[in-house]
Amino acid sequence: MLDIKFIRDNLENVKTGLGRRNGNNHDLDALLKQEEERRKGLQESEQLKNKKKKLSAEVGKLKHQGKDASKQMEEVKNLNVFIKELDEKIEELESVIHEKLLHIPNLPDESIPDGQDESSNRFVREWGRKPSLSTKPLNHIELGEKLDLIDLRRAAKISGARFAVYKGAGAALLRGLVNFMVDVQTQENGYEELYPPFLVNKASMLGTGQLPKFENDQFAMRDDPLYLIPTAEVPVTNFHREEILDEESLPICYTAYTPCFRREAGSYGKDTHGLIRQHQFDKVELVKFSRADESEQELEKLVQDAESILKKLNLHYRVMELCAGDIGVSASKTYDLEVWLPSQNTYREISSCSNFRDYQARRAQIRCKKRTGGKPEFVHTLNGSGLAAGRLFVAILENYQNAGGTVTVPDALRPYLQGRELLSL
RNA sequence: GGAGAGGUGGCCGAGCGGUUUAAGGCGCACGCUUGGAAAGCGUGUGUAGGUUUACCCCUACCGAGGGUUCGAAUCCCUCCCUCUCCGCCA
């Protein structure tokens with residue numbers, strides 16, 4: 001959420017910034033007019049309330065002295081009519097303004113490239129090299145089914161399309177990947193582990209920006225006002241919702257493993273086969289709460305922490321900086337990590353790392369007390385995948401495949417698979 | 001699911017309809033005091049909004065939302081959460 005006062009004081013900049021995004025049709029002039037009206041009404045109402053308070057106190061005094069107070073009582077009764085009317089108007093305006101603000105996306109960082117879609121994303125760096133596979137590479141579905149690591153047919157029977165059963169060594173590999181990633185982030189990169197609920201309330205979904213705009217993308221419970229989390233970002237960022245943190249404690253860095261649930265409405269044609277796009281997938285998430293003046297450097301560190309997993313697994317990847325038209329609504333700046341997939345002869349997103357600046361913090365009311373005194377300030381929130389386990393599973397099968405259709409276990413993972421070196425039948 | 005007890009500032013805790021301002025304590029900050037410290041004394045110490053160069057001032061907030069009243073932390077209603085006991089349960 002943007003600050004209404006900031007919009008008021010920087011109208012042209014806000015218009016320019018939002019204009020860099022796609023689908024920007026917010027009438028800020030109308031919004032500011034309503035805000036103006038709200039403030040006028042508020043001032044009037046507060047004056048009347050002040051008068052009312054003084055009169056009521058007089059009543060108390062007079063009654064105590066045994067004197068008549070009916071005149072004052074009558075006057076307050078009259079005032080109440082006006083106050084009620086004004087307050088109703090103010091409340092109406094407030095809710096309209098708030099609702100509008102909730103729908104306005106974050107301002108893109110000035111440094112990020114212009115552009116409508118991913119074709120304008122900026123290449124930042126790459127690491128490693130593509131594996132040299134002698135034969136035509138099999139895709140992860142062929143490998144997974146051949147080695148009996150996954151069962152998509154039975155998953156469809158149990159649940160439907162876009163679900164998977166991981167089986168035997170496949171299940172162990174997935175579980176090993178999760179443990180490996182959490183261990184690296186906690187033991188080497190300084191994150192504290194959280195294991196949060198997978199069902200969250202509406203306030204949490206509003207706090208991180210999944211609601212109200214993306215209700216359609218979420219799985220909701222039928223009988224309870226709860227949602228399945230689309231990412232651990234939701235419960236972990238909301239861990240500190242409505243709190244005032246100590247500036248000294250920042251940055252606070254959490255990592256959390258959770259499954260993630262997404263309806264994938266509107267992506268019916270995309271990645272229909274295999275593990276790339278699922279209704280349920282596992283992810284290790286990184287979340288940071290940072291001082292406002294440190295969030296830029298914290299984002300760079302967070303990206304490196306996500307990259308450290310790919311490096312340890314010796315997987316070729318590149319880092320892309322998303323253009324203004326391609327970043328999510330809550331984000332100000334985003335780097336994607338894209339891992340090489342031989343079967344698709346392309347790079348696929350395996351992590352998305354964003355700085356939300358104070359956008360989520362304002363929605364979720366997460367502030368910090370300044371050491372120098374003064375009013376508490378909103379913190380900056382950041383998060384990124386570190387990494388998506390399902391897609392990492394895909395990347396390992398495809399990049400570590402051997403000529404006979406077997407898959408070598410990367411060195412770093414062997415301790416998590418009882419020392420196993422090869423996946424074969 | 002049933003029964004009971006509660007939710008008050010950073011924390012503990014009083015207040016249960018009004019001589020308008022949430023007592024008191026702890027903690028914290030600053031000052032005085034001291035060779036230095038402790039103790040002691042003094043002052044200050046929430047959040048949001050409005051107004052303002054700033055100070056001040058004003059309004060709201062005692063779990064949340066309604067209601068009664070000239071006036072509500074206090075009375076009434078609904079909901080949420082916490083704790084205790086019982087039941088059920090991995």
Side-chain angles (χ1 to χ4, degrees), chain A residues 1-9 31-102 195-207 221 223-227 235 238-250 252 259 289 292 358-379:
Chain A
M1 194 158 66
L2 300 180
D3 183 6
I4 185 82
K5 279 190 245 175
F6 181 83
I7 298 176
R8 191 161 30 129
D9 297 339
L31 177 69
L32 288 183
K33 211 175 144 195
Q34 285 172 315
E35 164 65 4
E36 193 63 38
E37 227 181 301
R38 182 190 74 88
R39 273 159 50 221
K40 245 179 94 183
L42 188 64
Q43 283 173 36
E44 212 178 318
S45 164
E46 286 186 352
Q47 269 178 20
L48 296 182
K49 279 178 186 165
N50 183 241
K51 205 166 160 191
K52 169 183 166 175
K53 265 176 95 166
K54 285 180 175 156
L55 282 170
S56 289
E58 247 179 79
V59 172
K61 220 182 268 180
L62 288 170
K63 287 206 165 182
H64 197 75
Q65 296 166 359
K67 292 180 183 168
D68 175 53
S70 55
K71 207 178 115 196
Q72 283 79 357
M73 283 162 71
E74 190 61 29
E75 211 172 324
V76 174
K77 260 189 172 169
N78 288 335
L79 281 178
N80 278 339
V81 177
F82 291 110
I83 291 173
K84 196 179 173 197
E85 210 172 285
L86 277 167
D87 280 355
E88 275 168 8
K89 194 177 122 196
I90 293 163
E91 208 176 309
E92 169 68 20
L93 280 167
E94 258 171 10
S95 85
V96 168
I97 291 165
H98 188 70
E99 185 66 20
K100 282 188 178 178
L101 284 173
L102 283 178
Y195 187 85
F198 304 158
L199 287 168
V200 297
N201 57 30
K202 202 165 181 172
S204 294
M205 294 290 267
L206 277 169
M221 296 296 111
D223 294 329
D224 299 285
L226 294 170
Y227 297 84
N238 280 282
F239 188 67
H240 288 304
R241 173 153 50 85
E242 289 152 48
E243 288 185 18
I244 298 177
L245 307 168
D246 186 358
E247 191 179 34
E248 307 288 305
S249 69
L250 302 178
I252 297 172
F289 302 83
D358 62 2
Y359 186 87
Q360 290 181 328
R362 181 169 288 107
R363 281 171 168 258
Q365 292 294 306
I366 308 167
R367 292 167 288 176
C368 77
K369 208 174 197 93
K370 303 292 287 180
R371 207 185 172 187
T372 49
K375 284 199 167 192
E377 281 181 10
F378 289 109
V379 301

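In what follows, every chain begins at residue 1, and chains take the letters A, B, ... in the order their sequences are listed. If you're wondering where the values come from, they're calculated on a predicted model, not measured in any experiment.
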A.B. asks: Heavy-atom count check: over 12 atoms from other residues, nucleotides or ligands less than 6.0 Å from A:Lys202 NZ?
C.D. replies: no
A.B. asks: What base-paired stems does RNA chain B take part in, with at least 3 consecutive Watson-Crick or G-U wobble pairs and both distances under 3.5 Å?
C.D. replies: B:1-7 with B:80-86, B:10-12 with B:24-26, B:27-32 with B:40-45, B:46-50 with B:57-61, B:63-67 with B:75-79
A.B. asks: Using the C1' atoms only, state how far B:rG10 lies from B:rU47, rounded to an integer number of Å.
C.D. replies: 13 Å
A.B. asks: For A:Gln365, does the CD atom sit with more than 12 other heavy atoms under 6.0 Å from it, leaving out its own atoms?
C.D. replies: yes
A.B. asks: Which value, in whole Å, describes the distance between the P atoms of nucleotides B:rA72 and B:rU19?
C.D. replies: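 Approximately 13 Å lies between the P atom of B:rA72 and that of B:rU19.
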A.B. asks: Between C1' on B:rU20 and CD on A:Gln72, what's the gap in Å once rounded to a whole number?
C.D. replies: 14 Å
A.B. asks: Any sub-3.5 Å donor-acceptor pair from A:Arg362's side-chain atoms to A:Leu2's backbone N or O?
C.D. replies: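 Flag not set: sc A:Arg362 to bb A:Leu2 has no pair under 3.5 Å.
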A.B. asks: Less than 4.0 Å between a side-chain N and a carboxylate O, is that true for A:Glu35 and A:Arg38?
C.D. replies: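 Salt bridge: yes.
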A.B. asks: Measuring from A:Arg39:CZ to A:Gln43:CD, what's the distance to the nearest 0.5 Å?
C.D. replies: 7.5 Å
A.B. asks: Tell me which nucleotide among B:rU20, B:rG49, B:rU51 gets nearest to the side chain of A:Arg38.
C.D. replies: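 For A:Arg38, the side-chain atoms sit closest to B:rG49.
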A.B. asks: I need the CD-C1' distance between A:Glu242 and B:rC61, as an integer number of Å.
C.D. replies: 14 Å
A.B. asks: In whole Å, what separates the P atom of B:rA73 from that of B:rC61?
C.D. replies: 7 Å
A.B. asks: Let me know the distance between CG of A:Leu55 and C1' of B:rG18, rounded to the nearest Å.
C.D. replies: 14 Å
A.B. asks: Looking at every heavy atom in both A:Leu102 and A:Met1, which two are closest together, and how far apart are they?
C.D. replies: CD2-SD, 3.9 Å
A.B. asks: Using the C1' atom as the reference point in each nucleotide, state the distance between B:rA54 and B:rA37 in Å, no decimals.
C.D. replies: 39 Å
A.B. asks: Between atom NZ in A:Lys63 and atom P in B:rU69, what is the gap in whole Å?
C.D. replies: 13 Å
A.B. asks: Give the rounded distance in Å between these two atoms: CD of A:Glu74 and P of B:rC70.
C.D. replies: 9 Å
A.B. asks: Nearest to the side chain of A:Lys369, heavy atoms from C-beta on, is which of B:rU51, B:rA48, B:rG46?
C.D. replies: B:rG46
A.B. asks: In this structure, how many angstroms lie between the C1' atom of B:rC11 and the CG atom of A:Asp246, rounded?
C.D. replies: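 The distance from CG of A:Asp246 to C1' of B:rC11 comes to 15 Å, rounded to the nearest Å.
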A.B. asks: Any N/O pairs under 3.5 Å between the protein and nucleotides 73-79 of chain B? List them or say none.
C.D. replies:
none

A.B. asks: Looking at every heavy atom in both A:Leu101 and A:Leu31, which two are closest together, and how far apart are they?
C.D. replies: CD2-CD2, 4.1 Å
A.B. asks: May I ask you to list the residues of residues 76-84 of chain A, by number, that have any heavy atom positioned under 4.0 Å from an atom of RNA chain B?
C.D. replies: A:Val76, A:Lys77, A:Asn80
